[in-house]
Amino acid sequence: MFKFVSRRACGYLSTEIRNISTKSSLIDTNKYLSDLLKLGRIDEAREVFDEMPKRDKFTYNTMLTGYANSGKLVEARRLFDDTPTKSAITWSSLISGYCKMGWETESFYLFYEMQYEGYKPSQFTLGSILRLCSIKGLFSRGEQMHCYSVKTSFDMDVFVITSLIDLYAKCLRLVEAEYLFRGMSKGKNHVTWTTMLNGYSLNGDAVGAIECFRGMRAEGIEANQYTFPGVLAACAADSDLGFGAQVHSCIVHGGFGANVFVQSALVDMYTKCGDLCSARKVVGSMEFDDAISWNAMIVGYVRQGFPEKALSLFTKMHEKNMELDEFTYPSVLNSIALMKDMKNGKCLHSLIIKSGFESYTLVSNALIDMYAKINNLDCAFKIFNFTAEKDVISWTSLITGCAHNGCHLEALKVFCKMRLDGTDPDRFVSASILSSCAELALLDIGQQVHANSVKTALDTSLSVNNSLVSLYANCGCLEYAKKVFNSIEIRNVISWTALIVGYAQNGKGIESLQFYEKMVASGIKPDYITFIGLLFACSHGGFIERGRYYFSSMVKDHGIKPGPDHYACMIDLLSRSGEMQEAEDLLNKMPVEPDATIWKALLAACRVHKNIDLAKKAAKALFELEPQDAAPYVLLSNIYSSIGKWEEAASVRRLMKSKGVGKEPGRSWIEMNGKVHAFMSEDRSHLNAEEIYLKVDEMIMKIKEVGYVPDMNFALHDINEENKERGLAYHGEKLAVAFGLLNVSIGAPIRIYKNIRPLILFTAINATWMGPFFAKLSCCWCINRMRFSEYLRAWTLGKAEVSEQAADIFDS
DNA sequence: CTAGGGTTAG
C-alpha cells in the first residue's frame, strides 16, 4: 500500500523535477526535498534527489542532513564523499549525525579531520560535539571543548552556552552550570532556562528548580512542553503538591495539557505527592491511552501501598490491548513482589517470555528483584545467569536480593564477581554491600568500599552514608560513625536511627538517648526501628524508667504499634533489672506469640536472678521454637549448676546430647595483616602459644592488682574453683586479646571477633596499661549473628590468606 | 543547508 502511494507520488514528482531549469525552481525543489525529510519520508526524498538534473550545495547538504538525522550514517558518509563542493556546513552536518548516534571516536576524528582539511568549525559544530559529550558524560572532553569555545570566541553564542550548561549539569557540576547561566546577563532564551531548570532537577535540587521556574516566568519567558516535566519532577521530589497544582494550571492555560510528556509528568507528580485521585483524573482525561502515563500510575499505586490496584490497572492495559513497553513490566513486577504473589508472578513471567520482553535488561532486572523479594533466590540467580546484557542494576538486584534473604556472604560473593566483571559500583549497590558488611562486621572490606565511594564521589549519597554509619557503629568504631554522620548535610530518620542503634550496641546508652532527643528536636519523626534502638539502649543501660516511658510514648505520641522486637527489648529490660513479675505480665499481655528472642532474653535474665520456674517455661518454649539451638540447654543447665543442683544440670546436658544438639565451640579471632588468628578456650595450637599464655598470666596479674575479681558464676561445669578460674583465664577472647597486645602496635585498635552468644565483636585500644581495657571486655555487646565458618569464607573471598592454624581449627 | 532542553525502572 505504502509502496504504491510513494511510487505514484514520485512519478508525479519526476515530471516536475525534469522541468527544473530556472534558479527559482531549484530552490523550490530543495524546499520540497527538505519537507519530505522533515516528515521522515527518506526513501521518497532519495528518489527525488536522484532524479534531480541539477543540484547545488544546498541540495547536497539537505540530503546529507536527512541521512544523518535518521541515523543512516553509512549513506550520509557516502553522500559526503560524493559531494562535489564541500563546505564547513557539509562537515558540520555529518558530524552532527555521528554525534547524535553517540559515536564518540568517529565524531572526534571528523572534528579533527575537518580542521586538518582547512575548514573552520562553527558554533553549530561545537553544539553537536558538546551534545555528544553531554549524553556520553564525557566531562574532560567537554571541558576541552569549553576551552576551545573560549579561544574561538564562540562562548558568547547562546547555543554553545546552553549546550555547556547542559553538559555541566549532566556531569553533576551544578556550580559550573550555574556560573555560566548567571554569567548570561541577557540573551537567555526559553531553552537556556529549561536546561538550567532540568539541571537543578537532575542534581536533586528541587528548590533550585522551582526557583528557576519562578525566575523564568518573572522574566516573561514562556514555559513549554520541555519545561513542565522538569518543574513537575521537582515538585514531586519536594512533595510540593501545592506548587505542583499551580504548575498544572499553567499547563492548562498554556495549552500544553494534551502533550503526553507533560501528562505523564503530571501523573508522576501527583502520585509522588500522594494525590492518587488527581493522578487518576489526568489519566482519565487523556485522549489516547498513553502507556507511559499508565506506567506512572502503576508505579504510583505500588509506591502508595496499593499493589492490588497496580495489578488490576495492568490487567486493564492488557485487556485494552495497549502497547506495553519495557517500563510496564518492572512496575507491575514490583506490585507482585510487595504482595509476595508467587502465582501471579509466574503468570507474569510467562507473559514476559511470550511477548519477548525477557531480553530487555530492565525487565529481567525487575524479575530478579521480584523473585528475590518473594524469597526465591534460586529463580533470581537463574534469571540473572540468563541475562545477556547485565548492567549495574542487574548486579544490584541480585546483591540486595541476597541481603534481603539474609545471605550476606552470598551478597559479598556476587559483589566480588561484579568487580571482577569490570562493573563499577554505583550508590545503590555500594549502600547495599555496605549494609551487608555492617551485618557481618567486616570492617576492612567495608572500608575498601568506603574508599572506593570517596574516589567516585558516591559519598555524597545519603543511603551510602547511612550504611557507613551502621558499618562503623557495628564494628565498634563509634568515632568514625559519628564523623560520617556529621558529614551528612541533610539527615533522615535512617541516619539518626543508625547512630542511635550504633551507640546503644556499643554500650553508650546515655549518648544514644541524647541523640534521640536531638533528632526529635530537629523535627525528624522516629519510626519503628528507631524505637527498637531506643529500647535496646534502655535495656542495655538498665534505664528502666526511660524504657517504660519510651515504650508507652511510641504508641501514645507516635502511633507506632510495638512489634516482637520492642517486646523483646522491654522484657529484656524488665527481667534484667529484676522485675521478673512485670516482665512475665508483659509477656502474657502481648498480642502476638512471643518469639525465640523474647524467650532467650527471659532465660538469660533467669540465669542472673536464679528464677527456676520461669527458666523452665522459657527453655521449654525454646526447645520447641528452635530445637537445634544449644543455647537454651546450656543456659538452663548453668542455672541449675549456679544454685548447686548438679543432678538437674547434668540431666539437661544429657537431654541435649540425646537430641543430638551440638554446642558450637566458642572461638575468638583477630585479623593481622590479612591473616586470621583464631583461639578456642585453652587453645594451644597457635605457633606462639607459649608467649601468648605468658601474656595472659601477666594480664591477669595486673588486673587483679587493680581489683579484678573473676566472676565464677560464668564458669560452665561443676569443677573446682581453681580450674574454673583457669578456664576463664584462658578463654578464647583473652588469648586473642593477649595475641593482639603482643602484635598490634600501641595505640592501634585491637578488634576481636567471636562466634558464640553473645555474638560479639569488641574493640579496645592497645594501651600500655590494661586496666580499663579489661573493664571493656566485661561489657561487650552482642552485635551480629555471624558464624566463624562464614567469616572464614568471607575472608577467602577477600583474597587474603587464611592462616593455617585458623584453617585447622575450622576443619576440626 | 548545519546546533541546544523533557516522561516511566533498581
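In the text below, chain A, chain B and the rest are named by the order of the sequence lines, each starting its count at 1.
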Measuring centre to centre across the rings, with the benzene-like ring taken for any Trp, is A:Tyr109 within less than 6.0 Å of A:Tyr112? yes

Describe the nucleic acid contact of A:Val191 in one word from base, sugar-phosphate, nothing, applying a heavy-atom distance below 4.0 Å. base

Looking at A:Tyr148, is A:Lys151 sitting on its ring face, NZ or CZ under 6.0 Å from the six-membered ring centre and within 45 degrees of the normal? no

Under 4.0 angstrom, heavy atoms only, what part of the nucleic acid is A:Asn189 near: base, sugar-phosphate, or nothing? base

Check A:Leu333 against A:Ala366 and note the closest heavy-atom contact, atom names and distance. CD1-CB, 3.6 Å

Contact check, residues 77-88 of chain A vs DNA chain B, heavy-atom distance under 4.0 Å, returns none

Near-ring test A:Trp395/A:Phe384, centroid separation under 6.0 angstrom: yes

What class does the angle between the rings of A:Trp91 and A:Tyr119 fall in, given that below 30° is parallel, 30 to 60° is tilted and above 60° is perpendicular? tilted

Please work out if A:Lys31 contacts a base, only the sugar-phosphate, or nothing of the nucleic acid, heavy-atom cut-off 4.0 Å. nothing

Please list, in 5' to 3' order, the outermost nucleotides of DNA chain B lying under 4.0 Å from any heavy atom of chain A. B:dC1 to B:dG10

Under 4.0 Å between any heavy atoms, over every strand shown, what does A:Asp426 touch: base, sugar-phosphate, or nothing? Just pick one. base

Are A:His146 and A:Tyr168, when compared by the centres of their aromatic rings, separated by less than 6.0 Å? yes

Any base atoms under 4.0 Å from A:Thr396, or only sugar-phosphate, or nothing? Heavy atoms, all strands. base

Identify whether any heavy atom of A:Arg55 sits under 4.0 Å from a base atom; if not, whether one sits that close to sugar-phosphate; answer base, sugar-phosphate or nothing. nothing

Please check if the side chain of A:Ser153 supplies one atom and the backbone of A:Ser149 the other of a donor-acceptor pair under 3.5 Å. no

Pair A:Tyr60 + A:Phe49: ring centers closer than 6.0 Å: yes

How about A:Phe111 and A:Phe108: are their ring centroids closer than 6.0 Å? no

Students often get this wrong, so: under 4.0 angstrom with heavy atoms, is A:Thr162 touching a base, only sugar-phosphate, or nothing? base

Remember a base hit wins even if backbone is also touched, and classify A:Asn334 as base, sugar-phosphate or nothing at under 4.0 Å, heavy atoms. sugar-phosphate

Over all strands shown, is A:Asn365 touching base, sugar-phosphate only, or nothing at heavy-atom distances under 4.0 angstrom? nothing

